[in-house]
K.L.:
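I am attaching a structure below and will ask some questions about it afterwards.
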Amino acid sequence: MSALTPRNPSSAARIGELLLLDLTMKLKRALAFRLNFAVNLAISLFYSLLFSLFQFCVYTGIHGYPGWSAGQMLLFQAVLLLWTGSIDFLFGGVREFIDLEVTYGNLDRLFVWPTHVLVSLLSRGTNVHAASTVLAGSLGTAVMLTRLGVQLTWHKLLVFGLFFAAGLVFYVALLIAYSACTLFMVKMERLREVFDRVLFFASFPADLYAGASKTALIVGFPLALWVYLPVQALLGRCERFALLSVLSSALSFVAALAFWQRQEARHVSAGG
Amino acid sequence: MIQVSGLSKIYRVRARQSSSVWHSLRAVFSREYREVTALAGIDWAIREGEIHGLIGRNGSGKSTLLKILCGILHPSFGSATVNGIVPWTDRRRHVRDIGVVFGQKSQLTWELPAVDSFYLHRSLYRVEPAKFERTLRFLSEAFDAVVDRPVRSLSLGERMKCEIICSLLHQPKLLFLDEPTIGLDLLAKDQVRRAIRTINAELGTTIILTSHDLSDVSSVCDEISLLDRGRFLYRGPIESLLGAVSSRKLLRLTLREPVLRCRWEGFALVPTGEFTAEVELCADGTSLQPLLQRLLAQLPVSDVSIESLQLEQVIGAIYRGELDASHWRKAQPAA
């Protein structure tokens with residue numbers, strides 16, 4: 001377990017190195033079929049923008065969200081684009097990868113690589129097509145910050161980075177739990193949909209949820225780390241107790257790792 | 001190199017009594033399991049530098065044994081060390097010194113030239129660039145392989161050569177080859193076999209080969225282990241196995257009359273054509289002559305050839321229970 005913890009810098013560097021390698025390979029593959037690559041880039045961006053448009057329609061339809069101006073809402077959507085683009089770019093193919101590997105008994109090859117199986121697994125799901133969404137999200141965030149006249153201080157950027165990184169750790173924890181479930185369930189199918197539906201809650205500001213639900217979203221099951229808290233950090237209106245979400249994310253990661261280790265020891269590969 | 005002692009693997013699998021819908025529905029609420037013993041307390045030892053054939057029927061436990069030795073599976077009982085390392089407890093250190101080729105599972109990227117996958121492999125195993133280039137050059141020549149064309153455009157034989165090259169780039173001390181010639185034509189098989197021998201001779205790599213094609217095993221292996229139902233039936237040199245049945249001969253006969261009309265008292269003629277047949281004899285050197293005299297007297301023979309049993313026939317006879325495996329236990333060397 002220790003080899004994967006963020007405290008181990010060599011392990012973090014190794015994950016980064018392997019992600020880069022996977023990205024390079026995927027880019028080469030994508031460029032081998034240039035037209036398909038261009039179409040996929042456009043479609044990936046289109047889908048991401050479609051959700052932002054849908055949310056903006058909801059926002060105007062119900063005459064705004066409590067405590068959110070139209071400009072702030074657009075900033076929220078830009079960060080949402082950045083977030084969805086980032087996780088899709090880094091881990092977009094992980095769930096499909098483990099589903100296929102476990103179903104067809106190919107997971108064995110990850111066990112013969114000289115890295116932790118999870119490191120190999122998590123670094124095999126990059127999606128180069130999501131680069132367009134990351135770019136659009138970054139650009140949108142920069143534009144909205146300028147238009148809103150937000151003064152960016154080191155403190156704000158640091159808290160934004162902390163929440164964003166903790167959000168990634170929480171997302172990885174969920175992916176690890178999903179992968180561990182796949183090891184013993186093999187067919188995830190509808191559970192995969194449930195996973196997506198749960199993540200959908202993170203696409204709206206936590207202020208929309210009533211008292212206990214909001215606390216649960218920030219501390220208990222910290223989906224707010226993905227978009228809501230980073231945006232709050234940029235707008236300089238973060239509450240102190242939100243820092244508990246970082247702790248919650250770290251604990252989720254440790255629990256997911258323990259669950260994985262348990263399932264890995266029981267792993268029985270398919271086929272001969 | 002490999003030391004295995006009392007190794008067992010027991011799988012817990014769902015017991016299905018029937019394929020009916022009723023049984024499927026009942027299984028939702030109450031499911032019964034049974035235990036399947038894949039390996040039953042085996043002992044095994046492999047020397048450094050050896051090419052060893054691991055053979056057995058489907059479901060005999062070969063793949064389970066390989067997967068345990070690769071660190072993929074944990075055994076139920078027993079111990080094993082490879083290069084002094086327990087594979088499943090220290091997997092990452094262990095796999096640096098082994099190479100694995102699963103004949104039916106590719107490690108190459110389908111859309112890219114194999115050489116791109118090789119560079120990924122170099123980074124994974126952190127192989128020094130100069131050493132990597134030297135090894136790649138040597139292996140490409142040894143296998144006469146095409147490494148710069150997309151894998152999807154390679155023939156099965158070319159792809160398999162690239163798979164083996166990929167598994168050897170970090171110069172492992174031990175190479176597991178699981179059915180490396182499956183689906184290959186005769187020429188490709190021959191190339192792969194020659195390359196395996198070259199790798200063993202030049203790099204000193206210990207090789208464990210599993211294959212259902214016994215001509216692979218007999219042409220490259222020094223020794224074999226025959227596994228059946230999780231137990232070894234034989235471990236030792238191929239010559240010892242064949243030597244133990246040297247008194248058994250295979251007669252190939254060409255007759256002047258149709259085989260179905262011919263009869264040889266006391267022996268079963270196995271037709272291989274309208275006028276050709278085979279018959280297996282169990283005779284020591286002194287009793288072959290009178291048997292042949294009887295044969296020529298009773299049958300209208302136009303041609304006859306006498307052969308010793310081939311490995312395929314010996315293994316087949318053991319599986320069919322026609323030969324007692326305990327026969328060789330006395331002859332087999334201590335592991």
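Small disclaimer: the values here were computed from a predicted structure and weren't measured. By convention in this document, chain letters (A, B, ...) are assigned in the order of the sequence lines, proteins followed by strands, and residues within each chain are numbered from 1.
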K.L.:
Quick check for you: to the nearest 0.5 Å, what is the distance between A:F111 atom CZ and B:H94 atom NE2?
P.N.:
13.0 Å
K.L.:
For the CD atom on B:E133, are there more than 12 heavy atoms of other groups (residues, nucleotides or ligands in this structure) within a distance under 6.0 Å?
P.N.:
yes
K.L.:
Select all residues of residues 18-26 of chain A having any heavy atom within less than 4.5 Å of some heavy atom of chain B, and report them by number, or 'none'.
P.N.:
A:L18, A:L21, A:M25
K.L.:
Under a 4.5 Å heavy-atom cut-off, does chain A meet the side chain of B:S117, its backbone, both or neither?
P.N.:
both
K.L.:
Calculate, to the nearest 0.5 Å, the distance between atoms CD1 and CG belonging to B:I72 and A:L110 respectively.
P.N.:
10.0 Å
K.L.:
More than 12 foreign heavy atoms under 6.0 Å from OH of B:Y11: is that the case here?
P.N.:
yes
K.L.:
Residues in side-chain hydrogen bond (donor to acceptor under 3.5 Å, both in side chains) with B:K9, at least two apart?
P.N.:
none
K.L.:
Can you confirm whether B:R231 is buried at CZ, in the sense that more than 12 heavy atoms of other residues, nucleotides or ligands lie under 6.0 Å from that atom?
P.N.:
no
K.L.:
For B:S123, is it the side chain, the backbone, both or neither that has a heavy atom under 4.5 Å from a heavy atom of chain A?
P.N.:
both
K.L.:
Can you give each donor-acceptor pair under 3.5 Å made by side-chain atoms of residues 135-142 of chain A, sequence neighbours left out, with the distance rounded to 0.1 Å?
P.N.:
from	atom 1	to	atom 2	distance (Å)
A:S138	OG	A:V134	O	2.7
A:T141	OG1	A:G137	O	2.6

K.L.:
For atom CZ of A:F201, decide whether the heavy atoms of other residues, nucleotides or ligands shown that lie under 6.0 angstrom number more than 12.
P.N.:
no
K.L.:
Is it true that a side-chain atom of B:R91 and a backbone atom of A:T115 form a donor plus acceptor pair closer than 3.5 Å?
P.N.:
yes
K.L.:
May I ask you to check whether over 12 heavy atoms, not counting those of B:R229, lie within 6.0 Å of atom CZ?
P.N.:
no
K.L.:
In Å, rounded to the nearest 0.5 Å, how long is the span from CH2 of A:W113 to CD of B:Q107?
P.N.:
8.5 Å
K.L.:
Who are the ring pair (Phe, Tyr, Trp, His ring centres under 6.0 Å) partners of A:W83, not counting sequence neighbours?
P.N.:
A:F164, A:W226
K.L.:
Identify which part of B:L112 has an atom lying under 4.5 Å from any heavy atom of chain A, answering side chain, backbone, both or neither.
P.N.:
side chain
K.L.:
Considering only heavy atoms and a distance below 4.5 Å, find which of B:V95, B:L66, B:L73 pairs most often with chain A.
P.N.:
B:V95
K.L.:
Need one label for B:Y119: side chain, backbone, both or neither, based on atoms under 4.5 Å from any heavy atom in chain A.
P.N.:
neither
K.L.:
If every non-hydrogen atom of A:P114 is compared with every non-hydrogen atom of B:L124, which pair is closest and at what distance?
P.N.:
CG-O, 3.5 Å
